[in-house]
**Q** 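Quick one: the structure is below, questions incoming.
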Amino acid sequence: MMQRTIASVIAAVGMCALGALAAEKPNIVIIYGDDIGYGDFGCYGATAVDTPNVDRLAANGLRFLSAYCSAATCTPSRYSLLTGEYAFRNKSARILPGNAPLIIDPKRPTIAAFLRDNGYATALVGKWHLGLGTADQPLDWNGVIRPGPREVGFEYSFHMAATADRVPSVYIENGRIVNLDPSDPVEVSYEKQVGQDPTGISHPQLLRMQADEQHSGTIVNGISRIGWMSGGRSARFKDEDMADTYLNKAVEFIKQPRKKPFFLYYALNECHVPRVVHPRFQGATSLGPRGDAIAVFDWCVGRIVEALKATGQLENTLIIVSSDNGPVLFDGYWDGALERNGDHKPAGPWRGGKYSRWEGGTRMPFIVHWPARVKPGISEALISQVDLYASIAALIGRPMPANAGRDSKNVLPALLGESDHGRDYIIEEALAQLAIRKGNWKYIPPGVVRVRRGVGKFDITEVEEPGLLFHLAEDPGETRDLAAQYPHIVAELRGILNQIAPDKVSAPKEVDKKQLGF
Ligand code: NG6
Ligand code: CA
């Protein structure tokens, strides 16, 4: 009896040791929302939309209050997350058209390439928006599309080229357009109309949703897009099925039997425009399609957790839920999000949202869930998504490649809830202009902020700001400029910015339209 007990104790200790070892190479799943703001989940204060699945992850994981994406728009944020480098260092890292070349240098390993090289199976499912092909030759959409995700570290990839509101409106799996009929080749242009397909300008009567001028290119699935495409009729996606399509691919990848850990970058379309949810989610919230899209996001999170649980992997999977930039209600389509927003605060207590240097532009919901290692709680640590690279490298105990991740800081103790200290300061970018936060101080250097007056493309005023200093603990809404009272703080923060990006300490007199993809 005694012997048996000792034997089982030894076995249990052995298993624990194994578990502890295995815990250093957990599966890693980044669940990335699109335009989901700080205030959009129940666990961050939303009441108009139920997000039980995200809330459960937060309750059983670590919920961050000061986590940032690196920029207030998609391409630069994703660029930073994957490369560990500030996007403003790369002039091409601005909102890209759907036919832009790849902006990541395949010679410099991304976090995906790094994990692949260190024994992980890697996959991208969802939104890409980092370009495809090279600048020196036109991309053949009908052949093998490369370089793209596969060339920068994702062994499996299923994605759209850019955004759902940009052509080509197709899925690409491992470098090929899915369901493409070779006799109906795809052509794409952002300069001029290609083919004879109706556009939002020529055939507004065909539209399910009215769009602004910029989004009035080729009509696909009753919705006009930015840019023009022809062909690929059998390959065109249906917006209402997109969430299920991506989810199924992600779940398939999770369920694949394999002997190594995996890294899944699951980048959902929700709640980017056009917001067209599956009929079973229509009316899920009182907020209209934007709220319904958040409900879709939440449901997908639940299914991912379920798949991990079903395959016995939940315990040792590090799940991170976050978003790529702050919220926006009107972003080109009259879908009712503005009108039906009611009291909902998509950016939570923060000012501004997508495109802005106010906190709402880059302060993100951020949840870390890893039952084997991370205790539930709330963290005040200052962290940025640019830090994931170095932190994950530290986690798996491998050095970052010498030519990668130069701006990524190891904040692993904060990520795991072992420390309340992350970074000393954070850089917030919007449209290639910067702001800096250190402690509770936030400094926005002189420059131009874009203020939306209405919903049309031209209802945007650019207001020149003289250089602003806020104390976020006392003034979370960034309304009381203290620059004149605390010149030494201004000097200190300008000094840090000056070291990182001397050309950004004073922003140009107007926003570079190229940053917006125009
Ligand atoms: C902007 C689009 C906007 C959205 C955004 C990219 C106009 C007027 N606005 O240029 O609708 O597509 O680009 O969003 O065209 S992001 O989340 O991918 O950065
Ligand atoms: Ca986005």
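This chain uses plain numbering: 1 for the first residue, then up along the sequence. Ligands are counted one by one from 1 in listed order, and the atoms in each one are counted from 1 as well.
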**Q** Need the atom name: nearest N/O/S atom of Asp324 to the Ca ion (ligand 2).
**A**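 In Asp324, the heteroatom (N, O or S) nearest the Ca ion (ligand 2) is OD2.
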
**Q** Among Thr75, Asp165, Asp212, Ile95, which residue places a heavy atom closest to atom 12 (O) of ligand 1?
**A** Asp165

**Q** I'd like the name of whichever of Arg166, Lys127, Glu213, Arg94 reaches closest to atom 18 (O) of ligand 1 through any heavy atom.
**A** Lys127

**Q** Quick one: do the Thr51 and Asp298 side chains pair a donor with an acceptor below 3.5 Å?
**A**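 Looking only at side-chain atoms, Asp298 and Thr51 do not form any donor-acceptor pair under 3.5 Å.
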
**Q** Tell me whether Phe330 reaches ligand 1 (any heavy atom closer than 4.0 angstrom to a ligand atom).
**A** no

**Q** Restricting to N, O or S atoms of Asp35, which is nearest to the Ca ion (ligand 2)?
**A**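 Considering only N, O and S atoms, Asp35 comes nearest to the Ca ion (ligand 2) through OD1.
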
**Q** Examine ligand 1 and decide if any of its atoms is less than 4.0 Å from a heavy atom belonging to Cys74.
**A**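 Flag set, Cys74 near ligand 1.
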
**Q** Strictly under 3.0 Å, is any N, O or S atom of Asn325 next to the Ca ion (ligand 2)?
**A**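 Under 3.0 Å: Asn325 contacts the Ca ion (ligand 2) through an N, O or S atom.
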
**Q** Heavy atom under 4.0 Å from ligand 1: found in Tyr355's side chain, backbone, both, or neither?
**A** side chain

**Q** Looking at the rings of Phe262 and Phe253, which for Trp means the six-membered one, are their centres under 6.0 Å apart?
**A** yes

**Q** Just by distance, do the side chain of Thr83 and the backbone of Tyr79 share a donor-acceptor pair under 3.5 Å?
**A** yes

**Q** Measuring from the Ca ion (ligand 2), name the closest N, O or S atom belonging to Asp34.
**A** OD1

**Q** Only distances under 3.5 Å count here; give the side-chain donor-acceptor pairs of residues 322-329 to other protein atoms, sequence neighbours excluded, each with its distance to 0.1 Å.
**A**
{"unit_1": "Ser322", "atom_1": "OG", "unit_2": "Pro365", "atom_2": "O", "d": "2.7"}
{"unit_1": "Ser322", "atom_1": "OG", "unit_2": "Gln385", "atom_2": "NE2", "d": "3.0"}
{"unit_1": "Ser323", "atom_1": "OG", "unit_2": "Ile36", "atom_2": "N", "d": "3.0"}
{"unit_1": "Ser323", "atom_1": "OG", "unit_2": "Ile36", "atom_2": "O", "d": "2.8"}
{"unit_1": "Ser323", "atom_1": "OG", "unit_2": "Asn325", "atom_2": "O", "d": "3.4"}
{"unit_1": "Asp324", "atom_1": "OD1", "unit_2": "Asp35", "atom_2": "N", "d": "2.9"}
{"unit_1": "Asp324", "atom_1": "OD2", "unit_2": "Arg78", "atom_2": "NE", "d": "3.4"}
{"unit_1": "Asp324", "atom_1": "OD2", "unit_2": "Arg78", "atom_2": "NH2", "d": "2.9"}
{"unit_1": "Asn325", "atom_1": "OD1", "unit_2": "Cys74", "atom_2": "N", "d": "3.2"}
{"unit_1": "Asn325", "atom_1": "ND2", "unit_2": "Asp35", "atom_2": "OD1", "d": "2.8"}

**Q** I'd like to know if the side chain of His129 reaches the main chain of Leu96, judged simply by a donor and an acceptor atom lying under 3.5 Å from each other, with no hydrogens or angles considered.
**A** yes

**Q** Distance-only, no hydrogens or angles: does the Asp331 side chain make a donor-acceptor pair with backbone N or O of Val273 under 3.5 Å?
**A**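 Checked: no pair found.
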
